[in-house]
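Numbers here are sequence positions counted from 1.
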Amino acid sequence: MSDERTGLPGLDLDRLRAHLDAARPGLVTGPLRGRVVAGGKSNLTYVVGDGTGEWVVRRPPLGHVLATAHDMSREYRVMTALRDTGVPVPRTHLLCEDPEVLGAPFYVMEYVGGTPFRTRDEIAPLGPGTARRVAEELIATLGVLHAVVPGEVGLSGFGRPEGFLERQVRRWGKQWEASRSRDVPGIDELRAKLAATLPEPSAPAVVHGDYRLDNVLATPEGRITAVLDWEMATLGDPLVDLGLMLVYQQQPVGTGGAPATSAEGFPPPEELVAMYASTTGRDVSRLAWYVALGCFKLAVIAEGIHFRHGKGLTVGAGFDRIGDVVAPLVERAHTMLEED
């Protein structure tokens with residue numbers, strides 16, 4: 001644990017300690033130290049500890065505008081609901097929706113060990129056997145999540161499965177309009193074709209919304225210890241999770257190197273799909289449409305970051321190149337729809 005008590009943007013350790021002492025007496029037994037482990041583009045994540053225990057604190061990015069995009073209560077609720085299922089999630093301790101404490105809503109959960117494998121260089125030293133085990137666990141865990149009965153874990157009102165796919169196309173179309181700053185050939189046609197070729201939806205389930213290898217923690221032996229980043233979770237068609245995962249595998253955005261999914265031993269997409277179909281029994285015959293939707297979603301997200309970067313509203317490396325992935329994603333989406 002770092003001895004940092006300053007340099008933690010968005011986290012006042014004294015105010016956090018006072019709130020924890022009042023809301024969860026006895027949880028913290030000594031002075032808190034902390035460090036930032038992620039932040040900027042998504043929710044800010046910190047590890048804090050008192051020399052005996054460690055916890056994770058999550059809050060929205062500094063200066064965020066759209067509260068629904070960084071919904072602390074949504075993340076907290078779904079992880080709390082899944083804690084006694086077979087889905088590996090951190091234990092939740094506390095949700096604070098009062099912005100007076102830290103300047104924004106936040107929650108506290110247990111610290112879980114493991115690595116979010118992002119690049120090939122991170123996972124390759126573990127060997128092809130471990131890379132394959134991670135992939136198998138990634139699919140098995142997704143199958144367990146999609147088998148959870150929402151009503152049995154208190155999530156029956158967590159989303160609206162009816163009309164889910166149509167709303168997804170409409171939502172990301174609106175996001176595109178809000179981010180449009182240049183001509184992107186084929187993207188308007190893509191939106192129209194997605195809307196016109198909606199598949200018959202798969203039976204509704206809990207949807208993670210951003211399921212990919214670097215949103216889970218894994219051990220050096222290939223065991224998944226936690227699924228993280230539930231800010232886009234809802235109830236809907238679970239095949240959107242599988243489709244988006246395949247997009248990330250073949251066209252990663254912002255990994256800073258060759259993706260971990262390109263490591264020797266990590267199965268190709270068609271094998272992952274077969275694993276999922278065998279595990280879940282779901283019909284994946286129209287998965288190409290879901291991959292195309294995932295491409296559209298990622299293209300819109302990347303264009304939004306490109307738009308903000310052009311206005312000087314991003315901080316960090318790599319933002320100057322993210323606009324380059326938009327056109328290839330749109331092109332791939334059209335290719336997938338031709339195969340659908």
Side-chain angles (χ1 to χ4, degrees), residues 41 69 138-139 142 163-202 207-215 232 234 236-255 258-259 261-262 267-274 276-277 282-309 318-319 321-340:
K41 288 177 286 187
L138 191 68
I139 293 295
L142 188 61
F164 174 77
L165 294 178
E166 186 274 333
R167 287 198 309 277
Q168 283 284 296
V169 176
R170 183 157 29 95
R171 172 190 175 186
W172 291 105
K174 289 181 178 178
Q175 290 284 89
W176 160 242
E177 293 297 342
S179 303
R180 186 192 292 265
S181 62
R182 57 179 178 163
D183 180 45
V184 177
I187 195 165
D188 292 314
E189 294 82 357
L190 172 59
R191 176 172 58 174
K193 192 167 184 180
L194 285 168
T197 57
L198 294 172
E200 190 67 30
S202 190
V207 172
H208 181 277
D210 197 21
Y211 195 79
R212 50 196 166 103
L213 182 57
D214 59 329
N215 272 344
M232 299 180 74
T234 189
D237 187 332
L239 293 185
V240 299
D241 278 341
L242 181 62
L244 184 62
M245 189 191 78
L246 297 178
V247 177
Y248 277 117
Q249 179 177 7
Q250 295 188 297
Q251 273 175 293
V253 177
T255 56
T261 52
S262 67
E270 55 272 19
E271 191 173 348
L272 295 177
V273 172
Y276 179 85
R282 291 182 183 267
D283 179 4
V284 296
S285 60
R286 291 208 58 195
L287 189 61
W289 186 94
Y290 294 87
V291 175
L293 176 66
C295 288
F296 180 52
K297 174 181 172 179
L298 273 194
V300 172
I301 291 172
E303 186 66 15
I305 296 171
H306 170 78
F307 176 75
R308 292 193 297 277
H309 177 73
F319 292 111
R321 299 184 300 275
I322 199 161
D324 297 341
V325 306
V326 176
L329 283 166
V330 172
E331 183 178 345
R332 182 181 174 197
H334 279 289
T335 300
M336 297 308 298
L337 289 178
E338 290 170 4
E339 297 175 2
D340 180 32

With V240, which residues qualify under side-chain contact (heavy atoms from CB on, under 4.5 Å), at least two apart? F164, L165, V207, Y290, L293
Salt bridge (Lys or Arg N to Asp or Glu O under 4.0 Å) filter on R170, not counting sequence neighbours, yields E166
Are side-chain heavy atoms of R182 and V326 found at a separation under 4.5 Å? yes
Taking side-chain hydrogen bond (donor to acceptor under 3.5 Å, both in side chains) as the test, write out the residues that go with D210, two or more places apart. R212, N215, Y248
Evaluate side-chain contact (heavy atoms from CB on, under 4.5 Å) for L298 paired with V325, printing each intermediate quantity in order. CA-CA 9 Å; L298 273 194; V325 306; over 6 Å; no
Are any non-hydrogen side-chain atoms of L242 and L272 less than 4.5 angstrom apart? no
Check: W289 side chain, L194 main-chain N or O, donor-acceptor pair, under 3.5 Å: yes
What pairs meet the salt bridge (Lys or Arg N to Asp or Glu O under 4.0 Å) rule with one or both residues in residues 186-198, with sequence neighbours excluded? E177-R191, R180-D188, D188-R191
Going by heavy atoms in the side chains, are L213 and Q249 under 4.5 Å from each other? no
When you measure from the side chain of D237 to the backbone N and O of S202, does any donor-acceptor pair fall under 3.5 Å? yes
List the residues meeting side-chain hydrogen bond (donor to acceptor under 3.5 Å, both in side chains) with S262, not counting sequence neighbours, and say none if there are none. R120
If the condition is side-chain contact (heavy atoms from CB on, under 4.5 Å), which residues does E339 pass it with, not counting sequence neighbours? T335, M336
Answer yes or no: is there a side-chain heavy-atom contact under 4.5 Å between V247 and K297? no
Taking only residues two or more places apart in sequence or in another chain, which ones pass ring pair (Phe, Tyr, Trp, His ring centres under 6.0 Å) with Y211? H208
Set of residues satisfying side-chain contact (heavy atoms from CB on, under 4.5 Å) with respect to V273, sequence neighbours excluded: L246, V284, L287
To the nearest 0.5 Å, what is the distance between CZ (F296) and CD1 (I301)? 11.0 Å
Any residue meeting side-chain contact (heavy atoms from CB on, under 4.5 Å) with P328, in chain and number order, not counting sequence neighbours: Q251
What one should report as the nearest heavy-atom pair of L244 and G209 is CD2-O, 3.6 Å
Set out, in order, the CA-CA distance, both residues' side-chain angles and the distance that settles side-chain contact (heavy atoms from CB on, under 4.5 Å) for S181 and E303, then state yes or no. CA-CA 8 Å; S181 62; E303 186 66 15; 3.6 Å; yes
Sequence neighbours excluded, the answer for ring pair (Phe, Tyr, Trp, His ring centres under 6.0 Å) partners of Y276 is H146
Are Q250 and V291 close enough that some pair of their side-chain heavy atoms sits under 4.5 Å apart? no
Should L239 and R286 count as side-chain neighbours, where that means a heavy-atom distance under 4.5 Å? no
